[in-house]
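The next block holds one structure in the form of structure tokens; read it before the comments.
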Amino acid sequence: MTPEEYVEHVLTMVETIPEGRVMSYGAIADALAERSGRNSPRQVGTIMARHGGGVPWHRVVSSSGRLPPGHEREARARLMAEGVPMRGDRVQMTKAGWMP
């Protein structure tokens, strides 16, 4: 899989996350690892930072439920509007985490 194809697969995966649910950067990397030969949460984060504006980016968080750096306020508002369970400033991953 080329780097460009990997970007497309990551963005497609993000588009499949249902409203009210989230995935971590690592979960996305894990879900695509077999097909892509890659497994880097950091690479997924870089893709989201560079290309994620057109997908529901707010549904991608850290494995601890931390919101996207620099976009915490907007992400929190969007997630709360979708009914995502939060504890303080973090998503409750055990309740909101999703895998395809």
Side-chain angles (χ1 to χ4, degrees):
M1 180 179 295
T2 68
E4 294 80 16
E5 290 171 329
Y6 188 64
V7 168
E8 289 303 315
H9 278 79
V10 167
L11 297 177
T12 298
M13 174 77 58
V14 173
E15 288 177 331
T16 68
I17 303 170
E19 186 173 317
R21 303 299 295 273
V22 299
M23 284 183 81
S24 71
Y25 300 100
I28 292 170
D30 288 346
L32 296 174
E34 190 173 315
R35 282 185 281 166
S36 69
R38 296 170 174 84
N39 192 359
S40 171
R42 286 185 183 196
Q43 191 172 22
V44 172
T46 298
I47 290 168
M48 291 304 298
R50 291 182 182 165
H51 307 286
V55 298
W57 57 268
H58 59 283
R59 296 181 189 152
V60 182
V61 299
S62 74
S63 60
S64 66
R66 193 181 65 204
L67 303 177
H71 302 282
E72 295 90 349
R73 177 177 275 164
E74 185 175 353
R76 181 178 173 77
R78 289 180 181 212
L79 293 171
M80 294 293 287
E82 292 182 6
V84 172
M86 305 281 293
R87 176 171 287 133
D89 61 349
R90 294 180 186 256
V91 172
Q92 292 184 30
M93 293 300 287
T94 56
K95 295 181 180 179
W98 182 78
M99 281 299 286

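Since the structure is predicted, the reported quantities are computational estimates derived from the model, not experimental observations.
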Table please: side-chain donor-acceptor pairs of residues 13-21 below 3.5 Å, with sequence neighbours left out.
from: Thr16; atom 1: OG1; to: Met13; atom 2: O; distance (Å): 2.6
from: Arg21; atom 1: NE; to: Ala96; atom 2: O; distance (Å): 3.1
from: Arg21; atom 1: NH2; to: Gly97; atom 2: O; distance (Å): 2.4

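His51 pairs by the ring pair (Phe, Tyr, Trp, His ring centres under 6.0 Å) definition with nothing, not counting sequence neighbours. The side-chain contact (heavy atoms from CB on, under 4.5 Å) search around Ser40 returns Arg42, Gln43, not counting sequence neighbours. Legend: residues meeting side-chain hydrogen bond (donor to acceptor under 3.5 Å, both in side chains) with Glu74, ordered by chain and number and at least two apart, are Arg78. For Ala27, the side-chain contact (heavy atoms from CB on, under 4.5 Å) partners are Met23, Ser24, Met99, not counting sequence neighbours.
Rounded to the nearest 0.5 Å, atoms CG (Leu79) and CG (Leu67) are 6.0 Å apart. Here Thr12 contributes atom OG1 and Ile28 contributes atom CD1; the two are 11.0 Å apart, rounded to the nearest 0.5 Å.
Pairing each heavy atom of Val22 with each of Met93, the nearest pair is CG2-SD, 3.7 Å. Between Ala29 and Tyr6 the shortest heavy-atom distance is CA-OH, 4.1 Å. The heavy-atom pair separating Tyr25 from Ser62 by the smallest distance is CE1-N, 3.7 Å.
Within the structure, side chain to side chain donor-acceptor pair (under 3.5 Å) pairs that include any residue of residues 82-100 comprise His58-Glu82, Arg59-Glu82, Ser64-Arg90, Gln92-Lys95 (at least two apart or interchain).
Val91 and Val55 fall into different hydrophobic clusters, defined by Ile, Leu, Val, Met, Phe, Trp and Tyr side-chain heavy atoms under 4.5 Å apart, directly or through other members.
Glu72 places a side-chain N or O within donor-acceptor distance of the main-chain N or O of Gly70, the cut-off being under 3.5 Å.
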